[in-house]
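Computed from a predicted structure; not experimentally measured. Computed from heavy atoms alone, side chains included, the values below leave out hydrogens, waters and symmetry copies.
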Amino acid sequence: MSAASTIRKYLDSQAPAMLALVEELVRIDSYAAVRDGVDAVGNVLCRELEAAGYTTERARGRRLPPEQRWLEEFMLPGLDFERLADHRVARKRGSGRGRALILGDMDTAFLPGGPQRFPFRVEGARAYGPGIADMKGGLTVGVWALRALAATGVEAPGETVCVFSADEQAGSLSARHVIEPAARQADWAFCLECARDGGNLMGSRAQIGVARLDVEGREAHAGSAYAKGVNAIEAIARKITAIHALTDPAREIFLNVGTVSGGWRRSVVPGHASITIDIRTSGPDTWAEVEAALRRIAARDDVPGSKPSLLIATHRPGVPWTKHTDRLIAIAREAGGELGFDFGVARSPAAGSSAFVGPLDVPCLDGMGPTGGGLMTDEEHVVIPTLTERAALLATILHKLATGAWQ
Amino acid sequence: MSVTADATRRLRAWMADHEREMIDLLAEIVNLDTSTLNRDGVERLAGLMSTRLRALGFSVERFAPTPPREDWVNNAFLDGRGAEAIAPGVLARLGGGSGQGRLLLLAHLDTAFPPGEPSRTPFRIAGGRAYGPAVADMKGGVVGVLFACRALLETGVARPAEITVVYDTDEQAGTVCSRALIEAEARRADWGLVTESGRSGGQVVGQRAGLAMGELIVEGVEAHLGTGYREGRSAIDAICRKVTALHALHDPDKGVLLNVGEIAGGTRRNLFAAHAVARMDVRVVDATTWERVQRQIETIAAAEEPRGTRATLHLWQHRPPMPWTAATDGLAALVAEAAAAMGTRIDTIPTMGGSDANLIAAQGTPALCGLGPVGGAVMTRDEYIELPTLAERAALVAALAHALSLGTTATQTTTLQSLR
């Protein structure tokens with residue numbers, strides 16, 4: 001029997017246990033600010049991996065330097081980064097070649113109380129619940145892929161390291177400092193985000209960032225002193241129009257002014273206005289271009305006397321699609337072929353934990369999790385049979401890499 | 001020397017004797033937080049002023065605020081809290097005057113500041129000015145009305161047969177809840193005097209702009225930036241284009257002031273905003289201009305740009321323009337004469353501000369505004385009045401009341417054209 005068949009057969013027999021693990025994880029409230037919940041997810045993951053012979057440890061990220069602290073407040077307002085749960089790292093040696101890095105996220109986008117409002121449920125072939133696709137289904141896939149390698153005894157890479165982040169939904173500002181050192185030691189990386197559009201993997205991910213633009217004007221009564229005022233809302237309105245004009249789908253450049261606020265009284269010329277901007281670009285070159293354009297727009301003297309201040313940061317450098325990506329895809333397709341299924345590979349205009357391996361030139365596939373949808377809504381779900389399929393796919397890819405497929 | 005000049009000087013002298021008391025009361029009430037929706041604070045001031053008026057012999061009632069006529073008005077002016085958020089106003093009457101006619105004296109007790117401002121920037125005096133939140137708009141005028149009445153009574157000069165004092169409590173919220181009462185009192189009165197602060201150059205106000213409040217609500221199509229950029233339509237994008245178009249209507253030379261003073265929209269930076277709202281203040285010099293500007297604003301609101309966004313416009317001219325009339329000429333001349341008798345000069349001018357005087361004038365009742373102390377920087381932390389004008393303007397109000405009660409018209413030929 002081939003390794004792929006052995007792995008598949010084992011995982012098919014564990015399907016109820018996999019669904020039980022998904023349920024256990026989904027029922028834990030693990031919004032990033034809910035420290036105990038994220039910690040409980042970490043405990044479950046470590047318990048599962050220790051059973052497969054992994055050693056586990058806790059890891060702390062670092063705070064951003066003071067000049068970038070605004071980004072922390074921006075990503076998760078009100079969250080004290082000192083109170084984030086620990087990230088978790090699990091590792092195990094194997095007899096095969098190379099070093100693999102598996103990336104997963106323990107926190108979800110659902111505000112505290114998500115599992116009470118939207119409890120786990122199974123309907124037909126789908127399982128529903130907060131964070132089930134993003135990414136507790138993926139965590140289950142990752143854990144069981146590694147358990148399958150251990151249980152079947154097929155050859156695994158020389159080292160497999162898992163990094164489970166506690167703050168992915170808050171921009172991975174802390175986890176980045178754990179992911180990057182691990183990635184430097186890795187030959188390949190796999191990230192457990194759910195599969196897109198009916199099963200696609202993700203071969204590249206966008207470089208994304210955020211900006212906050214404030215404009216100071218000068219307050220004055222809108223009747224008696226209008227001419228003394230400097231209208232910050234007018235200034236920012238003109239900038240918003242210019243910022244949106246930078247969006248260029250053909251070049252994978254997307255900008256969105258997602259929030260705006262300004263002024264406090266209709267009869268006072270507003271002295272302040274502020275926007276937040278989401279920025280997605282195809283890579284470092286387009287990022288640099290967009291950043292320069294934003295700085296020009298911010299500095300433009302739309303309304304004489306107004307003073308802009310722009311904060312901009314790219315917190316996810318992105319994953320480019322390289323020739324290494326093509327090689328890894330070819331190996332994944334081969335593994336899929338042996339398991340009896342095919343999949344597409346997409347370019348993703350979003351980004352996650354895998355973002356940090358791109359600049360280190362570590363070949364990476366994302367979207368290794370189950371097929372899912374309805375992210376961040378009360379329809380969030382995964383397709384149950386894809387839990388075992390994806391675990392088998394990941395395990396088979398790791399086995400192939402361990403046995404020389406990369407060479 | 002005319003009879004009124006003599007009375008004017010007596011009133012001015014009485015006021016000078018009571019200046020210390022005026023300043024003390026002003027300090028006390030500036031430090032009371034009477035932000036419009038701070039009902040308890042406004043209630044304390046209304047209670048205080050009621051007591052003072054009763055002590056002068058006025059019969060004092062409290063009038064219940066009338067609920068706003070529409071939901072959006074409630075939301076835009078009263079934070080959706082309805083008439084319950086507004087303290088009852090003060091309606092005080094004193095009959096028995098030996099002169100003619102009925103005079104309405106009007107001032108508002110509420111302020112435009114956010115709650116808590118007096119504790120941050122309390123009343124203080126420096127360099128001949130008094131500073132503090134709403135010291136000009138219009139606690140100085142609140143004091144002025146009270147002391148003008150007291151001066152008339154204590155000097156014993158002729159006064160109108162009936163004096164009505166209205167202290168309303170929601171002027172900064174567009175007088176939404178006191179409007180009906182003020183209109184009724186305006187119809188009852190022969191003249192209305194409003195003690196909003198005098199212009200920073202010392203003038204009183206004979207003509208006021210029409211004031212409208214507008215609220216523009218734009219609906220977009222919410223979608224995630226990463227996955228739904230084809231479907232997404234940003235309400236923020238749409239409203240910004242409208243804001244720019246609206247501000248292009250601003251044209252002081254043609255008597256149009258337009259200020260978008262508030263904007264809010266969106267919930268998350270990575271979603272196309274489903275919703276955005278902007279609020280504006282629109283001032284026009286006259287009714288004809290209003291008709292034109294109103295149409296232009298409606299056209300801007302209706303523009304579907306980007307496609308797939310939709311806007312709802314609420315627009316209400318809550319203060320109709322107060323035009324300069326023949327009666328204004330007469331009142332301006334009386335002001336000039338009284339000022340001359342007090343040894344100063346006070347001109348009457350038009351402004352682009354609005355006040356409760358607009359509501360009085362709209363009932364066809366001759367009205368003057370800006371009769372409070374001279375001040376400026378209103379609604380800022382530097383709001384001030386010129387302290388010597390506190391007593392001077394209260395004396396002016398009393399002198400006008402006296403002169404009107406005699407049926408006096410100006411004896412002096414004032415160069416009216418120069419006043420406009």
Side-chain angles (χ1 to χ4, degrees), chain A residues 74-75 196-197 206 208 210-212 218-229 231-234 236-245 247 249 254-271 273 275-280 302-303 348-351 375-376, chain B residues 76 112 114 137 172 174 197 199-200 208-209 211 213-215 224-227 229-230 232 234-237 239-244 246-247 250 252 257-273 276 278-283 306 351-354 376-380:
Chain A
F74 193 101
M75 286 294 167
R196 301 299 148 112
D197 300 327
I208 73 174
V210 296
R212 178 189 162 123
R218 193 182 315 116
E219 285 198 356
H221 190 269
S224 56
Y226 194 109
K228 290 181 186 160
N231 192 314
I233 290 177
E234 171 65 12
I236 216 158
R238 294 186 191 193
K239 292 182 197 296
I240 289 171
T241 304
I243 288 165
H244 280 146
T247 288
F254 301 95
L255 288 95
N256 183 53
V257 175
T259 65
V260 61
S261 65
W264 62 282
R265 201 180 167 82
R266 66 183 186 283
S267 55
V268 176
V269 176
I275 58 176
T276 61
I277 314 167
D278 193 307
I279 309 157
R280 288 152 197 259
D302 299 284
V303 173
S348 159
L375 271 62
M376 302 185 198
Chain B
D137 185 12
Q172 300 292 3
S197 65
R199 302 294 94 189
S200 51
R208 281 193 170 278
L211 237 71
M213 189 281 175
E215 182 178 71
H224 192 274
L225 176 61
T227 55
Y229 73 89
R230 285 186 189 84
S234 168
I236 290 175
D237 194 52
I239 210 162
C240 285
R241 297 177 198 215
K242 293 183 196 298
V243 164
T244 304
L246 287 167
H247 278 144
H250 175 74
L257 303 186
L258 192 151
N259 179 59
V260 177
E262 289 175 76
I263 192 167
T267 54
R268 294 174 68 126
R269 65 171 192 282
N270 54 5
L271 296 179
F272 286 92
R279 288 183 180 152
M280 69 189 113
D281 177 288
V282 190
R283 292 157 196 254
T351 83
M352 287 301 280
V378 296
M379 298 188 202
T380 75

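For L211(B), no part sits under 4.5 Å from any heavy atom of chain A, backbone or side chain. Only the side chain of R199(B) comes within contact range of chain A, with at least one heavy atom under 4.5 Å from a heavy atom of that chain. Of the atoms belonging to Y226(A), it is side-chain heavy atoms, and not backbone ones, that fall under 4.5 Å from chain B. Residue A222(A) touches chain B through both its backbone and its side chain, counting heavy-atom pairs closer than 4.5 Å. Both the backbone and the side chain of Q172(B) come within less than 4.5 Å of a heavy atom of chain A. Heavy atoms closer than 4.5 Å to chain A are found nowhere in A235(B), neither backbone nor side chain. In this structure, the portions of R279(B) lying under 4.5 Å from any heavy atom of chain A include both its backbone and its side chain. Contacts of L271(B) with chain A are made by backbone atoms alone, with heavy-atom separations under 4.5 Å and no side-chain atom involved. When heavy atoms are compared at a cutoff of 4.5 Å, T351(B) does not approach chain A at all.
Note that CD1 of I243(A) is 10.5 Å distant from CG of D237(B), once rounded to the nearest 0.5 Å. Rounded to the nearest 0.5 angstrom, T259(A) OG1 and N270(B) CG are separated by 10.5 Å. Residue R265(A) holds its CZ atom at 9.5 Å from CG of D281(B), rounded to the nearest 0.5 Å. For the atom pair OG1 (T247(A)) and CG (L225(B)), the distance works out to 7.0 Å, reported to the nearest 0.5 Å.
The most heavy-atom pairs under 4.5 Å with chain B, out of R238(A), H244(A), K239(A), come from H244(A). Of the listed residues (T241(A), I277(A), V269(A)), the one with the most heavy-atom contacts under 4.5 Å to chain B is V269(A). Here H250(B) is the residue among M280(B), H250(B), M213(B) with the most heavy-atom pairs under 4.5 Å with chain A. Counting heavy-atom pairs under 4.5 Å between each of G229(A), G258(A), A206(A) and chain B puts G258(A) at the top. Contact count versus chain B (heavy atoms, under 4.5 Å) is highest, among V260(A), I208(A), T276(A), for V260(A). Interface remark: of the candidates G263(A), P349(A), G262(A), G262(A) forms the most heavy-atom pairs closer than 4.5 Å to chain B.
Under a 3.5 Å cut-off, the side chain of Y229(B) and the backbone N or O of L255(A) do not form any donor-acceptor pair. Between the side chain of N256(A) and the backbone N or O of R269(B), at least one donor-acceptor pair lies under 3.5 Å.
Nearest heavy atoms, G261(B) versus I233(A): C-CD1, 3.6 Å. Closest approach of N259(B) and P270(A) over heavy atoms only: OD1-CD, 3.4 Å. Across all their heavy atoms, M379(B) and V268(A) have their closest contact at SD-CG2, 3.7 Å. Of all heavy-atom pairs between G223(A) and L257(B), the closest is O-CD1, 3.5 Å. Pairing each heavy atom of S267(A) with each of R283(B), the nearest pair is CB-NH2, 4.0 Å.
Considering only residues two or more places apart in sequence or on other chains, H247(B) meets the side-chain hydrogen bond (donor to acceptor under 3.5 Å, both in side chains) condition with N231(A), E234(A).
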